[in-house]
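Working notes for the structure below.
Both counts, for ligands and for their atoms, begin at 1 and track the order of listing. For reference, positions follow the sequence shown, starting with 1.
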Amino acid sequence: MVDRITDIWGTRTPFARGESWPVRVDQLLADGVGEADVDRWVQSACVLCSNGCGMDIAVKDGAMVGVRGRAVDAVNQGRLGPKGLLASWQGVATKERLTRPMIRENGRLVETDWDTAMERIVARSRSLLADKGPLSHAFYTSGQLFIEEYYALGVIGKGGIGTPHMDGNTRLCTATAAAAMKESFGSDGQPGCYTDIDECDALFLYGHNMAETQTVLWSRVLDRVTGPDRPAVVCVDPRETEVARLADVHLALKPGTNLALMHGLVRELFAHGWNDEDFVAHHTLNVEELSAAVQPWTPEEVARTCGVEADDVRRAAGIFGTSRRVVSTVLQGFYQSSQATASSCQVNNLHLLRGMIGRPGCGILQMNGQPTAQNNRECGADGDLPGFRNWENPDHVNELAALWNVDPQVIPHWAPPTHAMQIFRYAEQGSIGFLWISATNPAVSMPELPRIRKILASPGLFVVVQDLYMTETAQYADVVLPAAGWGEKTGTFTNASRTVHLSDQAVEPPGEARSDLDIFLDYSRRMDFRNKGGAPLLDWVGPEDAYRAWQDCSRGRPCDYTGISYSKLRGGSGIQWPCNEEHPGGTKRLYGDGIFPSNPDYCETYGHDLLTGATVGPQAFRAMAPAGRALFKTAPYSPPHEEPDADYPFRYTTGRTVYHFHTRTKTARSKPLNRAAPDAWVELSVSDAGRLGVAEGDIVSVRSRRGEIVVPARVGDIRSGTVFAPFHYGYWDECGSPDGRPRAANELTMTDWDPVSKQPVFKSAAVHVERVAAGAGPSAAPTTTASRPASAGSVPVTVGGPEAQAQETFAPEALPAGSAGTVSAGPVLGAAVPATTVGELS
Ligand SMILES: Nc1nc2c(c(=O)[nH]1)N[C@H]1C(S)=C(S)[C@@H](COP(=O)(O)OP(=O)(O)OC[C@H]3O[C@@H](n4cnc5c(=O)[nH]c(N)nc54)[C@H](O)[C@@H]3O)O[C@H]1N2
Ligand SMILES: Nc1nc2c(c(=O)[nH]1)N[C@H]1C(S)=C(S)[C@@H](COP(=O)(O)OP(=O)(O)OC[C@H]3O[C@@H](n4cnc5c(=O)[nH]c(N)nc54)[C@H](O)[C@@H]3O)O[C@H]1N2
Ligand code: SF4
Ligand SMILES: [Mo]
């Protein structure tokens with residue numbers, strides 16, 4: 001047994017390059033439940049991050065009582081992390097779930113029946129459509145629903161109502177991943193896959209704290225790194241994360257300066273002739289422009305701008321330039337920082353320059369965050385058209401119109417789709433009067449919360465919230481709809497490596513809660529949306545029907561699902577798209593043939609100017625004749641929009657801890673996870689804390705031009721001049737914030753976004769910090785990961801307890817020497833790999 005709070009990544013199973021990652025099945029059952037008590041195991045996959053680990057749900061007496069990893073699944077080979085083991089089922093099976101619809105009466109939310117709640121929505125929807133037309137309607141959805149649900153919403157919004165105001169929290173999450181792939185390759189679609197980690201000689205993590213945010217993938221990395229031929233690791237992150245601790249080179253740059261660093265790395269490749277000239281000549285466009293753009297960025301210039309050592313820039317570039325196989329992963333430290341798309345495209349450019357794409361060990365992983373973010377992008381419940389179709393290409397719009405049998409003029413394509421921040425702006429200005437929010441909690445997760453709260457509360461805005469719980473956002477709703485959660489409904493979703501999983505219904509939803517699919521279909525029926533033939537626009541009965549319709553929509557597109565049926569997904573591993581007659585077993589890597597989806601008739605976008613976001617347009621794009629080649633795209637570096645000054649002297653950045661998922665609606669309802677990180681904190685460096693007279697646990701006020709938080713300080717190993725706040729803590733459970741202190745990280749963030757992806761900037765702002773009171777002891781920040789106390793700290797270690805005891809079972813051929821069957825391991829505190837090991841190996 002291992003305690004999955006203190007031993008986050010579990011027992012090591014080292015392996016060498018080219019070997020397969022050993023199987024280790026992780027399992028956790030409720031206290032007092034043994035394996036023999038389980039009535040049945042139901043196939044599913046984890047929806048607590050984009051890794052998408054295959055798991056089975058244990059059911060006893062009609063309730064979820066635990067989970068185990070699926071040994072046959074190529075994604076995780078049996079492993080599960082702390083959130084997957086604990087929050088997946090504990091976070092849903094609680095007494096606090098919404099069980100009945102609610103409507104606002106005389107200012108208060110009161111319970112009602114479904115007919116009343118839905119009729120209230122339909123009445124408002126009808127009257128607004130009649131008075132003001134489709135532009136009065138907006139839908140703000142998620143990265144946590146299923147394919148079937150997004151596709152239903154996509155068809156309703158784009159083929160039924162015809163509004164361009166559709167987006168998801170995916171805009172806050174992986175809009176930049178999609179944008180970077182569209183700009184470089186012509187379409188969304190992850191080039192690499194996870195087995196590239198098994199094959200690589202070097203691994204670059206750009207603004208990605210994988211150790212805490214994709215713990216199972218990190219276990220795979222740890223197993224390679226502790227194996228016989230350790231890949232080199234490079235980490236780009238201002239904080240001392242577990243990734244940084246393991247890295248051979250840690251580039252702890254100033255937040256907001258990613259593009260300058262990337263220019264430096266690209267320049268070094270040119271300067272040393274590390275390019276694959278043959279690949280560049282045959283498969284890419286615009287290399288001269290790229291080379292010219294990076295010329296000013298010598299390692300010394302990068303060092304000045306980013307606050308890193310010039311020699312570290314040289315070392316990192318040397319590793320990229322001389323390794324045979326490099327894997328790159330990119331996440332929020334790039335996507336949510338300034339010049340997001342331009343910085344992320346430079347990662348693609350490094351790989352293209354070296355011809356390292358589509359081959360084993362050479363994966364680009366423009367990561368996703370949420371478990372089903374990929375599907376929102378594919379199905380068009382956000383700004384994209386379904387099937388990666390190009391809104392600027394009339395043929396693509398006509399294809400969809402034919403598929404749905406609607407007038408092409410209904411499908412919004414006369415202007416760029418409205419991104420999430422702009423939707424809230426229109427609601428603020430009053431042109432949007434109907435906002436339907438599903439499976440997201442913007443009153444905690446959007447930037448500049450004082451403004452978001454005001455918008456949600458505007459009297460002219462009719463707000464529908466569809467959730468599992470009474471969230472901070474639901475408090476503002478006119479109608480609250482209780483949704484069925486994971487395990488209570490059937491559907492499919494796709495992880496960051498294009499792997500599709502089926503999640504079967506294991507138990508009944510609580511009370512009157514209904515699946516999101518049923519709710520959307522019910523709305524469509526009540527609104528009486530019809531196609532040109534007079535038949536209902538959506539006549540699907542159940543999820544498999546919806547899925548088959550989606551398969552049709554994806555036919556011939558990069559994300560072709562036509563070969564992936566529900567029955568093919570049952571029993572085995574997840575399957576990677578495209579999967580069709582040509583690739584019946586799915587597709588491990590994209591672009592192995594050096595042909596990219598950039599043909600103007602096929603591509604998802606004609607692209608943008610990466611500095612300003614201006615669209616390139618069809619004529620200019622065709623004139624470049626991309627013809628299946630990838631595009632080198634870049635932009636000049638420009639400093640973050642808000643830089644520290646005398647009044648706000650610190651750089652402010654935000655992010656995650658391993659124990660919580662987002663606004664904690666699930667993780668805070670798992671006792672062991674909540675105990676491990678019960679309240680907000682802000683991380684300060686030792687030198688900054690010293691100057692401000694702040695000791696561990698003291699209460700500090702952190703102020704920006706937009707708001708304030710008052711939280712305990714953790715004195716940690718962060719880069720000095722930078723402060724970090726976790727964004728998980730809102731106000732639905734005020735227990736951690738006894739005197740009503742503001743604690744949500746987004747009280748301080750800016751209303752500002754990347755010009756291309758429109759992803760908000762959550763990772764760079766300027767703040768003022770001051771001590772307001774002595775602490776009652778150390779802060780409640782975790783002690784096991786990035787925010788652990790500075791090396792000298794003497795804060796007691798976070799503990800899990802019996803509810804967090806997981807069982808690890810190893811496949812016979814994968815047993816570590818000297819062990820047998822189920823292995824018991826003592827808790828490993830702090831880093832999984834002791835510092836001495838790292839030193840010896842690097
Ligand atoms: N435990 C846990 N896991 C999760 C989630 C969760 O809430 N909790 N959420 C999931 C989701 S939706 C997502 S999107 C992913 C996010 O996964 P990550 O992107 O790994 O997580 P973050 O903590 O948001 O940010 C990563 C790192 O960016 C660094 N950073 C901050 N500013 C900058 C900068 O300007 N430049 C660079 N290079 N780095 C910077 C931060 O120090 C942080 O360590 O995690 C997924 N997994
Ligand atoms: N400062 C700062 N802000 C950030 C970030 C950051 O790094 N820093 N990260 C951003 C990112 S990457 C993300 S992804 C967002 C996440 O932000 P949110 O999406 O707001 O976070 P969640 O807490 O995951 O909200 C999901 C909601 O859906 C509900 N839910 C879960 N399953 C279902 C379901 O099946 N059906 C329905 N109807 N509801 C369900 C949950 O109870 C929860 O209320 O936050 C963003 N905000
Ligand atoms: S790594 Fe992500 S998908 Fe896998 S168990 Fe953990 S939270 Fe779930
Ligand atoms: Mo995310």
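- Here Cys53 reaches atom 4 (Fe) of ligand 3: one of its N/O/S atoms is less than 2.8 Å from the metal.
- Listed by atom number, the atoms of ligand 2 under 4.0 Å from Tyr469 heavy atoms are 42 (O).
- Side-chain atoms of Thr785 and Tyr659 form no donor-acceptor pair, as typed in the model, at a separation below 3.5 Å.
- Side-chain atoms of Gln370 and Thr174 form no donor-acceptor pair, as typed in the model, at a separation below 3.5 Å.
- With rounding to the nearest 0.5 angstrom, the CZ atom of Phe493 is 10.5 Å from the CD atom of Glu148.
- What sits closest to atom 2 (Fe) of ligand 3 on the protein, heavy atoms only, is Cys49 SG, 2.3 Å.
- Ligand 2 lies less than 4.0 angstrom from a heavy atom belonging to Lys763.
- Using a cut-off of 4.0 Å between Lys/Arg side-chain N and Asp/Glu carboxylate O, Asp167 and Lys758 are scored as not salt-bridged.
- Atom 19 (O) of ligand 2 has Asn169 ND2, 2.6 Å as its closest protein atom, hydrogens excluded (heavy atom only).
- For atom 32 (N) of ligand 2, the nearest non-hydrogen atom from the set Thr372, Leu468, Thr654, Val92 belongs to Leu468.
- Side-chain contact of Asn258 with Ser343: a donor-acceptor pair under 3.5 Å is absent, judged by distance alone.
- For ligand 2, the atoms closer than 4.0 angstrom to any heavy atom of Gln466 are 37 (C), 38 (N), 39 (N).
- Under 4.0 Å is where a charged nitrogen must lie from a carboxylate oxygen, and between Arg743 and Asp679 at least one such pair does.
- Remark: the Asn375 side chain and the Thr372 side chain contain no N/O donor-acceptor pair separated by less than 3.5 Å.
- Looking only at protein heavy atoms, the nearest one to atom 5 (S) of ligand 3 is Gly81 N, 3.4 Å.
- In summary, the atoms of ligand 2 found under 4.0 Å from a heavy atom of Gln336, numbered by their order in the structure, are 5 (C), 6 (C), 7 (O), 9 (N), 10 (C), 11 (C), 12 (S).
- Under a 4.0 Å heavy-atom criterion, Ser515 is not in contact with ligand 2.
- Under a 4.0 angstrom heavy-atom cut-off, Arg656 registers as being in contact with ligand 2.
- Atom CG of Leu217 and atom NE2 of His208 lie 7.0 Å apart (nearest 0.5 Å).
- Counting only N and O atoms by type, the side chains of Ser142 and Thr440 include no donor and acceptor under 3.5 Å apart.
- Atoms of ligand 3 found under 4.0 Å from any heavy atom of Val216, numbered from 1 in the order shown, are 1 (S), 4 (Fe).
- Residue contacts with ligand 2 include Phe661, since one or more of its heavy atoms lies under 4.0 Å from the ligand.
- Judged purely by distance below 3.5 Å, without hydrogens or angles, the side chains of Gln759 and Gln332 pair a donor atom with an acceptor atom.
- Near Leu48, the atoms of ligand 3 lying under 4.0 angstrom from a non-hydrogen atom of the residue are 7 (S).
- Side-chain contact annotation: Asn746 with Thr749, donor-acceptor N/O pair under 3.5 Å present.
- Heavy atoms of Thr471 found under 4.0 angstrom from ligand 2 belong exclusively to the side chain.
- For the atom pair CZ of Phe762 and CG of Asp752, the computed distance is 11.0 Å after rounding to the nearest 0.5 Å.
- Under a 4.0 Å criterion applied to the non-hydrogen atoms of Thr215, ligand 3 contributes the atoms 1 (S), 6 (Fe).
- For ligand 2 and Cys173, the ligand atoms under 4.0 Å from any heavy atom of the residue are 12 (S), 14 (S).
- Per-residue contacts place Cys46 under 4.0 angstrom from the following atoms of ligand 3 (heavy atoms of the residue considered): 3 (S), 5 (S), 7 (S), 8 (Fe).
- Counting only heavy atoms of the protein, atom 7 (S) of ligand 3 lies nearest to Lys83 NZ, 3.3 Å.
- If you number the atoms of ligand 2 from 1 as listed, the ones under 4.0 Å from a heavy atom of Thr665 come out as 41 (C), 42 (O), 43 (C), 44 (O).
- Among Ala439, Gly655, Gly369, Ala483, the residue whose heavy atom lies closest to atom 26 (C) of ligand 2 is Ala439.
- Under a 4.0 angstrom heavy-atom cut-off, Asp516 registers as being in contact with ligand 2.
- With distances taken over non-hydrogen atoms, the option nearest atom 17 (O) of ligand 2 out of Ser445, Ala765, Gly143, Pro447 is Ser445.
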